[in-house]
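In this text, all values refer to a predicted model and were calculated from it rather than measured experimentally.
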Amino acid sequence: MVTLSNWKIQSFDDGQVPDLVVSHPDYIDHFWMSAKVPGDVHSTLIDKKVIEHPFFGHNDLKCRWIEEKVWWYRTEFHWDEDLQPDERMELTFEGLDTFATIYLNGVELAFSDNMFVPVTLDVTRELVRGKNVVAVKFDPVSKHVGGKEMTYWSGFSKERIWARKAQMNFGWDWGPRLVTVGIWQPVRLAKKKYAKWDSVFARTVSIDEQEAVVAVDLHVQTFRRRPVGYGAASVTEPPRTLTAVVTLQDEDTCVETRVELGGTPTTAELRVPNPKLWWTRDLGTPHLYQLSATLYVDGEAVDTFTSQFGIRSLYVKQKAEDGRNVFTFVLNGKEIFAKGANWIPVDSFMGTAPDSRYRHLISLAREAGMNMLRVWGGGIYEKPVFYEECDKQGILVWQDFMFACALYPDYNANFMANVEKEIVHVVKRLRNHACLALWCGNNENDWIYESMLSSGTIHTPFYGEKIYHEMMPALLADLDPTRLYWPSSPYGGNDHNSAEEGDRHNWQVWHGHVYPRKFGEPERIDYSVEGVSFKNFAKCLSTFVSEFGMHAASNRYTLERWIPEGQCFWGSDELAYRNKDYHHPKGLLLMEGYTGIPENLDEYVNYSMLTQAEGLKYGVEHYRRRKFQSSGTLFWQLNDCWPGTSWSVIDYHLLPKAAYFYAKRFFAPILLSANIDDAGHVELWVVNDTLQNYKDQIHVEVIDFTGNVAWEHIQDVCVADNGKLKFLELTEAEMLRGVDARHAVLRLSSKSGKAPTNMYYFRDHKHLLLPCAALTVEVDTAAKTVTVSTDHHARMVNIAFHQPHVTWSDNYFDLIAGETKVVEIGHFDGDDVDFPTIRVSAINAPAADISFVKTGRTAAHMPVRFS
C-alpha cells in the first residue's frame with residue numbers, strides 16, 4: 001500500500017479552463033502551491049501566507065471568496081509493476097470535501113458528493129508504467145445546491161441541508177462560517193488479489209466468569225477475473241477455496257478458529273476463556289484484545305483485517321423495576337451514571353488537526369472523570385484516532401448521525417441514496433469499537449420541528465422523518481442490532497424535550513426555555529435573570545440530560561492571541577465577535593444573577609468562568625444526587641473548534657477553563673456534596689459510583705474568611721457500591737453559629753482522601769464579603785511546581801501562562817485563609833513551560849509577586865498543607 005503525497009493545489013473561476021485540460025497528465029502545474037494531504041485549501045493558503053489566518057479578528061469575512069472558487073488538487077507518482085490476472089490496483093480516497101470529480105491520467109473516474117464516504121476505484125487498466133497523475137476537481141458548494149429548495153427551516157444557514165459535509169462549516173452559534181474544501185483524509189493506492197474483506201463485525205454474544213462467546217460476521221467481496229488482453233477468449237473461472245482465520249488475543253490468551261467461506265456471509269465463533277472485560281476507566285480497566293481476520297484464497301493470504309476489540313455487554317435500561325421511566329446505560333451488568341460532555345470537531349479545519357490534539361482532549365476528559373462523550377450531529381463522524389483513544393481510555397461514545405437543527409430533503413431520491421450509502425459505511429466502520437454505546441438519528445430535529453409547528457413558525461411536513469424513523473432503524477436492525485438506536489436527541493415523552501422519558505436538552509438555563517411544555521403548546525422563552533439562572537437546574541427531574549451548559553470566556557492567552565492589538569477589552573466589537581450566539585445578553589443575565597455585571601476584561605473572564613463553573617457544578621451535583629432517577633449528564637460542550645467565547649470547558653489552545661477543574665471534582669467517582677436551598681435548609685450527601693462499598697469519615701467545617709472554624713462535625717458514612725446517601729440535614733443557622741453567611745464557606749472533606757474536597761458558599765458570589773487577599777507564590781522551575789499560599793480566603797486562584805498546551809494538576813481553586821497548595825505544571829507536547837510568563841491571581845487578590853527557586857523537589861516531598 002502506498003499513501004499518495006506531494007500534492008499541489010490551484011484555484012480557477014468556474015469554467016475558466018476545461019476540466020480535461022487541467023486533468024491531463026501533461027498539464028503544467030509547476031507553479032501551483034504545494035499542499036498537505038490530509039488537509040484543506042484554507043490551511044494551505046494560511047501556510048503560504050496567501051490569506052491572513054481566518055481566526056484572527058474578522059479575517060473569516062475576508063475568506064469567503066474561497067468557497068466560490070473551483071479548486072484543483074494534483075499529484076504524480078511512479079508505478080511500475082507486473083500484475084497477475086487475479087490482481088488489481090485500487091485507488092482509495094478516504095475523504096473528499098465535498099463535490100469532487102476524480103481523474104487519473106486524464107480519465108474521469110468518479111464523482112463524489114459526500115464528505116463522510118470514501119471512494120474506492122479499480123484503476124488497474126488506467127495506470128501506466130512510469131509517471132501517473134491524479135487530479136481532483138472540487139466544485140463550489142453553491143454550484144450543486146444553489147438551485148435547490150431552501151425556503152423551509154434550517155438553523156444558521158439554508159444551503160447546508162443539501163450538502164453532506166460538516167454542517168458547522170456554514171456557521172453555528174459557537175463557530176464562524178468557514179466552508180472548507182479539499183482532501184481531508186488520506187489517499188492510498190493498494191494491490192488486491194482475487195478478493196478482499198467487505199466487512200468484519202465482531203460482537204460479544206455471551207459472558208460469564210469462565211467464558212465469553214464472540215461472534216464474528218465475515219463478508220467477502222470477490223473480483224471478476226480481468227481479461228488477459230484485447231480480444232482474448234473469455235476464461236472460465238476456476239473453482240476457488242476461500243477460508244478465513246480469525247484470531248482474538250491479548251498478552252495471556254490466544255483464541256483462533258478457521259472457517260470456510262461460501263458465497264454468503266459467514267459467522268465465526270470464538271470462545272474466550274476467563275475473559276477480561278472492557279470497562280469505562282472509572283469502573284475498571286478498558287481491556288482490549290487484538291482481533292484479526294485473515295482471508296485466504298486457495299491457501300494464499302490476500303487480505304487482513306485488524307482491530308481492537310473489547311469484550312463487554314451494554315444496553316440501555318428504559319424501565320425501572322417499579323415501572324418508572326429511566327434511561328440508564330448498563331455495562332457488564334452494572335448500571336452506570338453517564339458523566340461527560342458533548343464533543344464538536346476539534347478544529348474548523350479538521351483535515352489538518354493532528355492526532356495528538358485528539359489524544360490530549362480525550363485524556364483531559366478521562367482525567368476529569370468523564371465516562372461518556374457525545375459526538376454531536378452537526379460535525380463529522382470522527383477520525384479513527386478518536387474512537388481508538390476512547391477504546392483505550394475507557395470512554396463510551398454516544399454517536400449522532402450528522403443531521404442537526406434542520407429539515408432535510410427526504411423527498412429527493414438522489415439525496416436519500418447518498419444518505420443510505422453514508423449510513424451503511426459509517427455503521428460498518430464504527431460498530432467494532434467497544435466504546436460505541438448508542439446510535440442517534442439526529443440532533444434536535446424532532447423536538448424543534450414539533451415545537452415550531454405548534455408555535456406556527458413551520459408549515460411544512462417533517463422533512464427528514466423518513467431518514468430517522470424509516471431508513472436508519474431498518475438499516476441498523478441489519479447492520480448493528482447490538483446497540484440501541486435512538487431516533488433523535490432529545491427524544492421521548494409528551495414533548496420530545498420532556499423530563500419524564502428518554503433524554504433531554506435542558507436549555508431553560510442559558511436559552512430561557514420555559515418548562516414543562518407538552519405537544520401542541522407553543523414554545524415559551526423567558527429572557528430574565530430568574531429565567532436563565534442556573535438554579536433552575538434544581539427543578540429538573542429528567543431521566544437523562546444530554547445537553548446543558550453556559551458560556552465562559554476563553555483564557556486570556558487565547559483571547560489576546562487572536563484579537564487585534566488594542567481591541568482586547570470588555571465591550572469591544574472584536575471581543576463580541578468571539579461570541580457567535582445570536583442573543584448576547586444571556587451571558588450577562590447569568591452573571592448579573594450570580595457574580596454581578598463585569599466592568600472590565602479581567603472581571604468578564606473571571607465572572608463568566610466562575611458562573612459557568614458554579615452553574616455546571618450546581619446542575620451536575622443535583623442530577624447525581626438523583627441517581628438513578630436521573631442517569632446521565634453530558635454538558636454542552638467539551639471543546640472548541642476556534643478561539644471563541646462558547647459553552648466549552650477547554651478552549652481552542654487546550655487550556656482548561658475554571659469549569660474543567662470543577663468537573664474533576666463534580667465528576668469524581670465519590671462525590672461529597674451539599675444542597676443549600678433558599679430557605680436555609682442544608683442537606684449533605686455522598687454519591688458512590690464505584691463498584692465497592694465506601695466507608696469513610698466525612699469532615700464538615702464552616703470556616704470564615706479569616707480562617708477561623710465556626711463549626712465542624714465528623715460523620716461516619718457507609719455507602720453501598722453504586723449507591724448514594726444523605727448523611728446529614730440541618731439549617732444554615734445551626735452551621736454558621738452566628739457567623740455572617742456572607743463571610744463563610746462550607747467545606748466537606750474525606751478523612752481517607754478517597755473523595756475530593758468540596759466547598760460551598762451560603763450566598764451568591766456577588767453578595768460575599770470577600771476580603772482583599774495577598775497571595776504568596778513560589779515557583780520551582782526544576783520540579784515544575786507552583787506553591788500558593790494566602791493570608792485571607794482566596795476565591796478562584798488562577799495560575800496562568802502566556803503559552804498554549806500547558807497542563808495543571810489543579811487550577812481556578814479556592815484557598816482557605818492560611819493554607820497552601822502545590823500545583824504541578826506540565827506541557828502536553830513535552831515543551832518547556834514558559835515560567836517567566838506566569839501570573840497568579842484570584843478574584844479578590846491582585847497578581848502576586850513570584851519567587852523563583854530551582855530545587856527539583858517533587859510536590860510529594862514539599863512541606864505544605866493541601867486544601
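- Between H513 and Y515, the angle of the ring planes stays under 30°, which puts this pair in the parallel group of the 30/60° scheme.
- Within the structure, the salt bridge (charged side-chain N to carboxylate O under 4.0 Å, His left out) test picks out the following pairs touching residues 795-809 (sequence neighbours left out): E614-R795, R795-D814.
- Between the side chain of N497 and the backbone N or O of H505, at least one donor-acceptor pair lies under 3.5 Å.
- Nearest approach of A845 to A773, heavy atoms of both residues: CB-O, 3.3 Å.
- Of the possible donor and acceptor atoms, one in the side chain of N342 sits under 3.5 Å from a partner among the backbone N and O of L634.
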* Asked: Between W376 and W398, does a ring pair (Phe, Tyr, Trp, His ring centres under 6.0 Å) hold up when you go through it step by step?
  -> CA-CA 8 Å; W376 167 76; W398 172 308; over 10 Å; no
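- Sorted by first and then second residue, the salt bridge (charged side-chain N to carboxylate O under 4.0 Å, His left out) pairs with a member in residues 546-556 read R374-E547, R556-E560, R556-D602; sequence neighbours excluded.
- A donor-acceptor pair under 3.5 Å links the side-chain atoms of R624 to the main chain of F666, judged by distance alone.
- Counting heavy atoms from C-beta on, the side chains of F635 and V545 never come closer than 4.5 Å.
- In plain terms, the two heavy atoms of M591 and T611 that are nearest each other are CG-OG1, 3.8 Å.
- Between R737 and E712, none of the side-chain N atoms (NZ, or NE/NH1/NH2) sits under 4.0 Å from a carboxylate O, so this pair counts as no salt bridge.
- Between the W343 side chain and the L638 main chain, no donor and acceptor come within less than 3.5 Å of each other.
- When side chains are defined from C-beta on, V777 does not count as touching T787, because their heavy atoms never get closer than 4.5 Å.
- By the ring pair (Phe, Tyr, Trp, His ring centres under 6.0 Å) test, H53 pairs with F55, W562, sequence neighbours left out.
- P643 has its side chain within reach of R578: a pair of non-hydrogen atoms, C-beta onward, lies under 4.5 Å apart.
- A distance-only check finds no donor-acceptor pair linking the side chain of D640 to the backbone of S648 [under 3.5 Å].
- Separation of atoms CG (N555) and CG (L655) is listed at 5.0 Å; rounding is to 0.5 Å.
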* Test log, rule salt bridge (Lys or Arg N to Asp or Glu O under 4.0 Å), inputs R626 and E621 -> CA-CA 9 Å; R626 298 191 72 249; E621 291 185 348; over 6 Å; no
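- Residues V702 and V739 fail the side-chain proximity criterion, which asks for heavy atoms closer than 4.5 Å.
- Shortest non-hydrogen contact noted between K627 and V687 is CD-CG1, 4.0 Å.
- Residue pairs meeting the salt bridge (charged side-chain N to carboxylate O under 4.0 Å, His left out) criterion with at least one partner in residues 666-686, sequence neighbours excluded, are E683-K726.
- Residues satisfying the salt bridge (charged side-chain N to carboxylate O under 4.0 Å, His left out) criterion with R504, sequence neighbours excluded, are absent altogether.
- With ring centers used as reference points, Y527 lies 6.0 Å or more from W510.
- The cationic group of R357 lies under 6.0 Å from the six-membered ring centre of Y652 and within 45° of the ring axis, placing it in a cation-pi geometry.
- Taking the centre of each ring, Y660 and Y812 stay at or above the 6.0 Å mark.
- Partners of E574 according to the salt bridge (charged side-chain N to carboxylate O under 4.0 Å, His left out) rule, which considers only residues two or more places apart in sequence or in another chain, do not exist here.
- With sequence neighbours excluded, the residues that form a ring pair (Phe, Tyr, Trp, His ring centres under 6.0 Å) with H802 are Y557.
- Among residue pairs with one or both ends in residues 754-780, those qualifying as ring pair (Phe, Tyr, Trp, His ring centres under 6.0 Å) are Y761-H793; sequence neighbours excluded.
- In this structure, R517 contributes its side chain and V514 its backbone to no donor-acceptor pair below 3.5 Å.
- Taking the six-membered ring wherever Trp is involved, the centroid distance between the rings of F705 and H792 does not fall below 6.0 Å.
- A salt bridge links E732 and R763; the closest N-O separation between the charged side-chain nitrogens and carboxylate oxygens is under 4.0 Å.
- For E592, the side chain to side chain contact (heavy atoms under 4.5 Å, CB included) partners are V529, L589, I597, not counting sequence neighbours.
- Taking the centre of each ring, Y594 and F534 come in below the 6.0 Å mark.
- Judged purely by atom type and a 3.5 angstrom limit, S608 has no side-chain atom pairing as donor or acceptor with the backbone of A552.
- Side-chain contact between V823 and T785 is absent, with no heavy-atom pair separated by less than 4.5 Å.
- Not counting sequence neighbours, the partners of K586 by the salt bridge (charged side-chain N to carboxylate O under 4.0 Å, His left out) test are D581.
- Under the 6.0 Å distance and 45° angle rule, K821 counts as a cation-pi partner of F813.
- Salt bridge K339/D689: present, at least one basic N to carboxylate O contact under 4.0 Å.
- Using a 4.5 Å heavy-atom threshold, the side chains of W685 and L672 count as separate.
- Here the side chains of V745 and I816 are in contact, with some heavy-atom distance below 4.5 Å.
- Two residues are said to be in side-chain contact when any heavy atoms from C-beta on lie closer than 4.5 Å; P516 and D495 fail this criterion.
- Checked by atom type and distance alone, the side chain of S554 never pairs as donor or acceptor with a backbone atom of L559 at under 3.5 Å.
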* **Step-by-step side chain to side chain contact (heavy atoms under 4.5 Å, CB included) determination, E778 to I850** => CA-CA 6 Å; E778 182 180 272; I850 310 294; over 6 Å; no
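- Pairs engaging residues 654-676 under the salt bridge (charged side-chain N to carboxylate O under 4.0 Å, His left out) rule: R665-D810 [sequence neighbours left out].
- When all heavy atoms are compared, the tightest approach of W647 to W636 is CB-O, 3.1 Å.
- Partners of R742 under the salt bridge (charged side-chain N to carboxylate O under 4.0 Å, His left out) rule, at least two apart in sequence or in another chain, are D740.
- A distance-only check finds no donor-acceptor pair linking the side chain of D651 to the backbone of A553 [under 3.5 Å].
- Although no hydrogens or angles enter the test, the distance criterion places a donor-acceptor pair under 3.5 Å between the side chain of N536 and the main chain of E530.
- Nearest heavy atom pair, residue Q567 against residue S572, reads O-OG, 2.6 Å.
- Smallest separation of non-hydrogen atoms from H653 and T558: CD2-OG1, 3.6 Å.
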